[in-house]
Amino acid sequence: MTETVAPTTPVVVEEQETKPGFVGTSIPRKEDRRLVQGEGVFFDDIKRHGMGFVHFVRSPYAHAKIKSIDVSRALELGDVYGTLTGDEVAILTDPFFELTVPPGSEIKDYALAVGKTRFVGEPVAAVVAATRELARDAAELVEVDYEPLEPLIDAGPRGPCADPA
Amino acid sequence: MSEPVARKTIAVEVNGTTYERDVEARRLLVHFLRDDLDLTGTHVGCDTGNCGACSVIVDGTLLKSCMMLAIQADGGSIETVEGLGGDGDLHRLQEAFSEHHALQCGYCTPGMLMSAKALLDENPEPTEPEIRRAIQGNICRCTGYVNIVEAIASAAEAAR
Ligand code: FES
Ligand code: FES
């Protein structure tokens with residue numbers, strides 16, 4: 001036997017579903033006031049006592065092997081807090097997590113170029129100093145020895161991706 | 001020929017207050033505002049003159065403050081986002097941006113507001129193409145431009 005259930009009063013679902021709420025209404029945002037007044041505190045707006053400023057040494061080559069990086073002259077300047085190279089990044093950190101499938105996911109990508117640079121302007125070393133200007137001066141003293149390689153300048157099939165680097 | 005100077009003491013009026021600071025000759029105006037005067041409402045989005053996040057008004061002219069040296073502003077008068085509106089009151093552009101959802105993260109907003117202010121100072125009744133042209137040097141990565149254009153149009157309308 002099949003049982004059925006009959007409601008005692010008519011079932012109305014729309015009433016609840018369309019009750020005025022957030023959907024379809026303009027809700028004033030809490031954060032707007034400070035943001036339109038320039039009072040939003042973004043990362044770059046934060047200052048700490050004794051804070052350093054970073055300047056990156058960037059690759060002038062689209063594709064090159066990094067043979068060596070010499071930071072010693074930069075470190076000799078007073079008020080230079082420290083330097084960081086791609087090799088140090090590779091030792092101290094894991095590669096970035098790649099949000100894709102192979103072969104893209106096989107790329108080993110770090111915060112600084114490791115072993116090779118793959119575009120003009122890729123950061124290869126970082127210098128931190130007491131002031132913005134000093135960091136820039138010190139970065140100019142970092143010596144990078146490159147071996148230029150043939151750059152890939154157009155997109156197109158290049159055969160099986162044997163060397164994703 | 002005079003010797004080039006490495007640093008200089010400059011006096012600059014910002015939003016009605018005159019500040020005197022000793023600055024390196026190579027210091028950019030945007031870093032002078034943000035680091036020396038702590039006016040961090042003016043943002044750096046690119047450092048290369050592309051994004052407009054650093055837009056301020058110098059002696060009545062809209063400028064990207066990453067494209068100018070602080071010492072070039074010596075003796076000048078600057079308006080930044082912090083000077084829009086009065087004590088606790090929002091400028092009509094600030095109100096309109098909020099009302100029309102013309103901002104999301106707010107990073108480009110100070111620059112957008114200053115570009116819009118410079119436009120309305122010069123042309124209180126701009127057409128839509130004029131508004132679009134006025135903000136062509138400002139990049140917004142999240143809101144999209146339609147609401148920004150509407151906000152500026154409505155602020156112009158409100159002033160009539
Ligand atoms: S920071 Fe000046 S235009 Fe982008
Ligand atoms: S509101 Fe986020 S960049 Fe414009």
Side-chain angles (χ1 to χ4, degrees), chain A residues 21-60 62 74 77-81 119-141, chain B residues 6-7 15 23-28 30-36 38-45 47-48 53-54 56 79-114 116 143 147 151 155:
Chain A
F22 291 109
V23 176
T25 316
S26 292
I27 310 293
R29 302 197 316 157
K30 290 197 298 188
E31 60 272 50
D32 275 5
R33 196 178 173 89
R34 63 187 163 86
L35 291 176
V36 296
Q37 291 182 300
E39 298 289 334
V41 180
F42 293 88
F43 189 71
D44 195 27
D45 301 337
I46 298 168
K47 292 196 179 94
R48 288 285 180 268
H49 179 69
M51 160 177 113
F53 292 81
V54 70
H55 194 87
F56 293 101
V57 179
R58 294 175 182 277
S59 168
L77 278 192
D79 284 337
V80 169
Y81 298 162
F119 58 91
V120 172
E122 182 168 12
V124 300
V127 180
V128 178
T131 68
R132 218 179 270 287
E133 288 79 11
L134 196 61
R136 179 182 286 261
D137 287 348
E140 273 175 20
L141 297 176
Chain B
R7 48 189 321 125
N15 303 325
V23 295
E24 274 212 46
R26 58 176 159 169
R27 171 144 291 218
L28 298 175
V30 68
H31 291 144
F32 173 73
L33 294 170
R34 293 176 48 82
D35 297 347
D36 295 329
D38 260 329
L39 295 170
T40 54
T42 303
H43 298 148
V44 179
D47 235 345
T48 51
C54 64
V56 298
E79 294 167 60
T80 72
V81 68
E82 287 92 346
L84 277 181
D87 296 310
D89 291 330
L90 292 185
H91 186 274
R92 60 178 201 276
L93 275 165
Q94 292 170 314
E95 299 266 14
F97 266 59
S98 181
E99 264 163 38
H100 291 262
H101 192 69
L103 65 146
Q104 280 189 41
C105 74
Y107 201 78
C108 71
T109 310
M112 286 285 181
L113 285 166
M114 296 320 287
T143 307
N147 290 357

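Note that these values count all heavy atoms, side chains included, but never hydrogens, waters or copies made by symmetry. Below, chains carry the letters A, B, ... as their sequence lines are ordered, and counting in each starts from 1.
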Exercise for review: Kindly say whether B:Leu103 contributes a backbone atom to a donor-acceptor pair with the side chain of A:Arg29 at under 3.5 angstrom?
Suggested key: yes

Point to revise | Side-chain donor/acceptor of A:Arg132 to backbone N/O of B:His31, under 3.5 Å | key: no

Check your understanding: For B:His91, is it the side chain, the backbone, both, or neither that has a heavy atom closer than 4.5 Å to a heavy atom of chain A?
Key -> neither

Point to revise | B:Thr109, part contacting chain A, at a heavy-atom distance under 4.5 Å | key: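 B:Thr109 touches chain A through side-chain heavy atoms alone.
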
**Study point:** From CA spacing to verdict: side chain to side chain contact (heavy atoms under 4.5 Å, CB included), A:Phe42, B:Val44
**Key:** CA-CA 11 Å; A:Phe42 293 88; B:Val44 179; over 6 Å; no

Revision key, fill the gap. Answer key: most heavy-atom pairs under 4.5 Å with chain A among B:Ala102, B:Pro110, B:Gly106 is B:Gly106

Practice item. Flag the one option from B:Gly41, B:Ser98, B:Gly83 with the top tally of heavy-atom pairs under 4.5 Å to chain A. Key: B:Ser98

Practice item. Locate the shortest heavy-atom distance separating A:Asp45 from B:His43; write the atom from each residue and the value. Key: OD2-NE2, 4.1 Å

Exercise for review: Give the minimum heavy-atom separation between B:Thr40 and A:Lys47, together with the two atoms involved.
Suggested key: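 Nearest heavy atoms, B:Thr40 then A:Lys47: CG2-NZ, 4.0 Å.
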
Review point. Mind checking whether A:Asp32 and B:His101 have side chains closer than 4.5 Å, heavy atoms only?
Key: no

Exercise for review: Among A:Pro28, A:Ser26, A:Gly38, A:Gly40, single out the residue with the greatest number of heavy-atom pairs under 4.5 Å to chain B.
Suggested key: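 Max contact count across the listed options: A:Gly38.
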
Exercise for review: Measure the spacing between CG of B:Asp35 and CG of A:Asp44 and express it to the nearest 0.5 Å.
Suggested key: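 Result: 8.0 Å between the selected atoms.
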
Practice item. Apply the test side chain to side chain contact (heavy atoms under 4.5 Å, CB included) to residues A:Gln37 and B:Leu90: give CA-CA distance (whole Å), side-chain angles for both, the deciding distance (0.1 Å), then the verdict. Key: CA-CA 8 Å; A:Gln37 291 182 300; B:Leu90 292 185; 3.5 Å; yes

Point to revise | Set of residues satisfying side chain to side chain contact (heavy atoms under 4.5 Å, CB included) with respect to B:Arg26, sequence neighbours excluded | key: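 Partners of B:Arg26 by the side chain to side chain contact (heavy atoms under 4.5 Å, CB included) criterion, ordered by chain and then number, come out as A:Glu133, A:Arg136, A:Asp137, B:Glu24.
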
